[in-house]
Amino acid sequence: MNLWCCLCFNQKEKEEEEERCNIVGPMNNDEDNFGNVFDDEEGEDINYDARFIDYGRDAFGLWHSEGESSSVNAAVAPGSPVADESRDSSHKRAKFYNECHFDDPTSSSKVKYSMDYGDFDASLRPSHVNCYGDFALVCTGEDGNGVEDREGNDSDSSQLEEQEVVRMDLTDDLLHMVFSFLDQTNLCRAARVCKQWRAASTHEDFWKNLNFENRDISEEQFEDMCRRYPNATALSISGPAIYLLVMKAISLLRNLEVLTLGRGQIGDAFFLALPDCSMLRKLNINDSTLGNSIQEISVVHEKLCHLELTKCRVMRIQVRCPQLKTLSLKRSNMAQVVLNCPLLHELDIGSCHKLPDAAIRAAATSCPQLVSLDMRNCSCVSDETLREIAQHCPNLGFLDASYCPNISLESVRLPMLTILRLHSCEGITSASMAAIAHSSMLEVLELDNCSLLTSVSLDLPRLQNIRLVYCRKLADLNLRAISLSSIQVSNCSVLHRINITSNSLQKLALQKQDSLTTLALLCQSLQEVDLSECESLTNSICDVFSNGGGCPMLKSLVLDNCESLTSVRFTSTSLISLSLGGCRAITTLELTCPNLEKVILDGCDHLENASFCPVGLQSLNLGICPKLNILRIEAMLMVSLELKGCGGLSEASLNCPLLTSLDASFCSQLTDDCLSATTRACPLIESLILMSCPSIGLDGLCSLQWLPNLALLDLSYTFLVNLQPVFDSCSQLKVLKLQACKFLTDSSLEPLYKGGALPALQELDLSYGTLCQKAIEELLSCCTHLTRVSLNGCVNMHDLNWGYSRGNFPELPGVSVLSIASSYENIHVSSEQPTRLLQNLNCVGCPNIRKVFIPSTAHCSHLLFLNLSLSANLKEVDVACLNLCWLNLSHCSSLEVLKLECPRLTNLFLQSCNIDEGAVEAAISKCTLLETLDVRFCPKISSTSMVRFRAACSGLKRIYSSLATSSA
């Protein structure tokens, strides 16, 4: 199978192009040879060799390897069917032949498409033939050798007559559409592909804008391009040779509308010839030297509308353009400017440092239609000039006088002004506000870094945006602006009073205003307020944001790190989010906000009295308020409440009918009465954590009868003696935690394993308890429904021996035996032991365990995890569990014997165990699925043991050793 992309030229055309290529030479630079691409006469062709074909493939996302060039050359070799076809050069098409087999759904026979992607990278092979609609796909017969040309002449025409031809041509119209998305550089590249692409890419629609910026083009090439496209409307040139090129353009491009020049010297002749460009509407000259020897240049044009002479070097400029609308002389160094532009609307003389005050005054006042004036960084401007401009330019709406130190706006009246920028104007003081107040149309006011400004008091009904940044002496801000929608005030270190009236302001941010003490707002639409780190704000701020305070639509309020707040009381029907993070001085919090959904109290560690009545909170975390004493909550939607660490909480009133989770850990003052009231008011509680609540007694447990859905109960570290109320009323309990309940007697759990209490219980934690051995034995014997048992640190936990026969229990001298079966003398043992559901058994740090024996007859088929770590006296482990996958014996320093028959064990931890390598090797030999083995800090295991371990268990992937770490 073969693939080739060929160009439909006849042999004569091929020879002519090869001869011409020898004369013209190769084109090596795509971006610097605009003229070379099209410098042949109309009707002549350039050499389209394999190098040019590559550009065509790039245009369609295709490329080939170096070895493909031979196939391409072969495709256009003399005598081939492709080279022999004769057709009109304006309709040449690139063809793509391939060969592959597809089942024809309309016929029982198979159709073979001639396609071969062997020369292309495999990642570029298409998944379907139709994705190459840009080329002609020739459908051949079974042999796949026929190739049809445009005229119907074919080397195997007799075969093609009997077969269907599939052809999709890239038409001229489609090419025109595709090329409209290309820039001029890529158009030049496309022109090198084939004659059709060259003809399409040279269309004048693509060359209306001639851009030669940053390009090295000769005068001859430039002239050729201008002659080829005389209807071009835009031209861009930059560089030292711009003067000669632009003079050519003026004489050749009679329809030029936009002319851009830069980085060169433009002589007087250009400005004299400029009127000849009668269609010119916009002239841009940047970073250039204007004129030759005379000190003045004149820009005269009857129809010019836009003129930009930025960063230009000239002594004097005269502009006489009756139709001119915008003029920019920014950063130019002229000392004099004369304007005769009666229709000029926009004048930009920013950073013209050499222009004197009188010249600026004369230029601006000569333009009565002026609407926008930018004179920033013109340090010579005075108030007299502004007064003259205000008189002669009554329509002035935009004024930027930033960095003009001599202006104070004294007696300046600009009634039509809409935008005023006065950055870093040292003359602007509080007295200047009187002049600004007369600009009743003002919409944008910027007074950044006005260092002498002490107060701002304005009543501007149209003002929408105001900026006051780094006004270091500003102390008082009084704004009455009904349309105000944005205000930025920052780094005003002495600002202590703000009064704002607005119907449009929605967001107010006043962060880090250290001196702010008084804030008055009358803002009907205000929704977000951020007053972070306003350290001087007092409790009176609460009245501003409560009902009737002037912000009826407020939804979000941030008062983080306002350390002067001590008593916060909000009554708001609109407030949704409140943040008081870091307000360490707050002792009282009262929120009557029925729609409040989020409250942040991080760092409020001195809070003593909190009331949330009513609120719309769904969850609340008060665990970061250790001094909380009184709590009242009325939240109809609350489902989760965390009081962990509220050690001083003695009185709590909760009305949360949907509450499902309550964590009162370490609430040492929580009483039975409080717990009883809570259970009655919150009957849907499913998770109740009372860990380290020593004041909870029998009466508190009796109140659990009001929680029919209770599934998790944590009574760890309490002084409880009797758990009978739990057994009587918590029939749905699944998790019971009794860690370190040292006052529980040996009979405290009898209802659990004798009376069948808590039938749904799945997890039981008796860690660090003092229950005797017999109680633990009977519990484990009868409660076969438990899935997780924790006996960590139980000093009465002795040998774990689950192997016994009827009437015969193995014993060790002087050591009691922990048997899953009860004492044979007291309980009849059936020959058929029930299957236990235990999945996870934790016996961490049990100092009296010496032997663990769990045989296959123990019916522990569900056991998955066994943790015996830190059992210092454990010497022998013999476990045969079918489904055990995780065994931890780390830090069992006395371990000597290890026997395992656990075919599904995947993780074995023996860190710091005094066991020899032979015992480990024998143990893991029957654990065929073992993946991880940890033998770090085992003194009897050497680095050479790793090989033996891998030989004993071929599936090992990771062996952790203090001597060497290896992985499969």
Side-chain angles (χ1 to χ4, degrees), residues 430 433-434 436-437 442 445 447 453-469 471-575 577-580 583 586 590-593:
S430 300
M433 298 301 106
I436 296 177
L442 196 62
L445 175 61
L447 298 171
L453 186 62
T454 58
S455 65
V456 173
S457 181
L458 293 171
D459 185 354
L460 298 171
R462 294 177 178 267
L463 187 64
Q464 300 177 11
N465 188 316
I466 184 171
R467 282 174 51 99
L468 294 163
V469 180
C471 296
R472 304 186 185 279
K473 294 186 178 182
L474 181 64
D476 191 355
L477 174 60
N478 189 353
L479 288 178
R480 182 177 178 83
I482 304 302
S483 301
L484 186 66
S485 59
S486 175
I487 177 172
Q488 183 175 353
V489 179
S490 63
N491 297 100
C492 299
S493 55
V494 299
L495 181 63
H496 66 272
R497 182 178 179 275
I498 296 179
N499 189 339
I500 301 175
T501 301
S502 171
N503 291 339
S504 302
L505 187 63
Q506 296 186 2
K507 185 175 181 179
L508 177 63
L510 300 171
Q511 301 100 324
K512 298 183 179 181
Q513 300 302 318
D514 298 339
S515 302
L516 184 63
T517 58
T518 304
L519 178 63
L521 298 176
L522 187 59
C523 304
Q524 302 298 319
S525 301
L526 189 61
Q527 298 183 16
E528 299 180 27
V529 176
D530 188 348
L531 298 172
S532 300
E533 301 185 51
C534 294
E535 299 179 356
S536 299
L537 279 178
T538 62
N539 297 332
S540 61
I541 194 66
C542 301
D543 298 332
V544 177
F545 301 114
S546 294
N547 290 340
C551 303
M553 301 296 292
L554 186 66
K555 295 181 179 180
S556 174
L557 176 61
V558 180
L559 295 171
D560 293 347
N561 298 307
C562 295
E563 298 185 358
S564 296
L565 296 178
T566 58
S567 179
V568 175
R569 293 178 171 86
F570 286 112
T571 301
S572 173
T573 56
S574 63
L575 192 62
S577 175
L578 173 63
S579 180
L580 296 169
C583 297
I586 293 180
E590 295 182 10
L591 300 179
T592 305
C593 306

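All heavy atoms count here, side chains included; hydrogens, waters and symmetry mates do not. One is the number of the first residue; the rest follow in order along the sequence.
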Can you confirm whether Val469 sits close enough to Ser490 that some side-chain heavy atom of one is under 4.5 Å from a side-chain heavy atom of the other?
yes
For the backbone of Ala481 and the side chain of Ser502, can you confirm whether one donor and one acceptor N or O come within less than 3.5 Å of each other?
yes
Heavy-atom closest pair, residues Ser515 and Ser493:
OG-O, 2.7 Å
So which heavy atom on Ser556 is nearest to which on Leu554, and how close?
O-CD1, 3.5 Å
Nearest atoms (heavy-atom pairs only) where Met553 meets Ser574:
C-OG, 3.8 Å
Can you sort out the partners of Asp476 under salt bridge (Lys or Arg N to Asp or Glu O under 4.0 Å), two or more places apart, ordered by chain and number?
Arg497
Which residue is it: Asn499, Ile466, Leu468, Leu505? I am looking for the one with a side-chain contact (heavy atoms from CB on, under 4.5 Å) to Leu479.
Ile466
Got more than 12 heavy atoms from elsewhere within 6.0 Å of CZ, Arg467?
yes
Can you find a pair of side-chain heavy atoms, one from Leu474 and one from Leu447, that are under 4.5 Å apart?
no
For the student: nearest non-hydrogen atoms of Met433 and Leu453, plus distance:
CE-CD1, 3.9 Å
Output a table of donor-acceptor pairs, distance under 3.5 Å, between side-chain atoms of residues 529-536 and any protein atom two or more places apart or on a different chain; print 'none' if there are none.
from: Asp530; atom 1: OD1; to: Ser532; atom 2: N; distance (Å): 3.0
from: Asp530; atom 1: OD1; to: Ser532; atom 2: OG; distance (Å): 2.6
from: Asp530; atom 1: OD2; to: Gln511; atom 2: NE2; distance (Å): 3.3
from: Ser536; atom 1: OG; to: Asp514; atom 2: O; distance (Å): 2.4

Heavy atoms only: give me the nearest Leu495-Leu477 pair and the separation to one decimal.
CD1-N, 4.0 Å
What residues, two or more places apart in sequence or in another chain, satisfy side-chain hydrogen bond (donor to acceptor under 3.5 Å, both in side chains) together with Gln524?
none
Candidate pair Leu519 and Leu510, rule side chain to side chain contact (heavy atoms under 4.5 Å, CB included), full reasoning
CA-CA 11 Å; Leu519 178 63; Leu510 300 171; 4.3 Å; yes
Less than 4.5 Å apart, side chain to side chain, heavy atoms only: is that true for Asn547 and Ser572?
yes
Distance, nearest 0.5 Å, that separates CZ of Phe570 from OG of Ser546:
6.0 Å
Set of salt bridge (Lys or Arg N to Asp or Glu O under 4.0 Å) partners for Arg472, sequence neighbours left out:
none
Qualifying salt bridge (Lys or Arg N to Asp or Glu O under 4.0 Å) pairs with a residue from residues 555-570, counting only residues at least two apart or across chains:
Arg569-Glu590
Closest heavy-atom pair, Thr538 versus Ser540, reported as atoms and distance to 0.1 Å, is OG1-OG, 2.9 Å
If only atom types and distance count, is the side chain of Ser455 paired as donor or acceptor with the main-chain N or O of Ser430 below 3.5 Å?
no
Which atom pairs, one a donor and one an acceptor, fall under 3.5 Å between side chains of residues 458-465 and the rest of the protein, sequence neighbours left out?
none

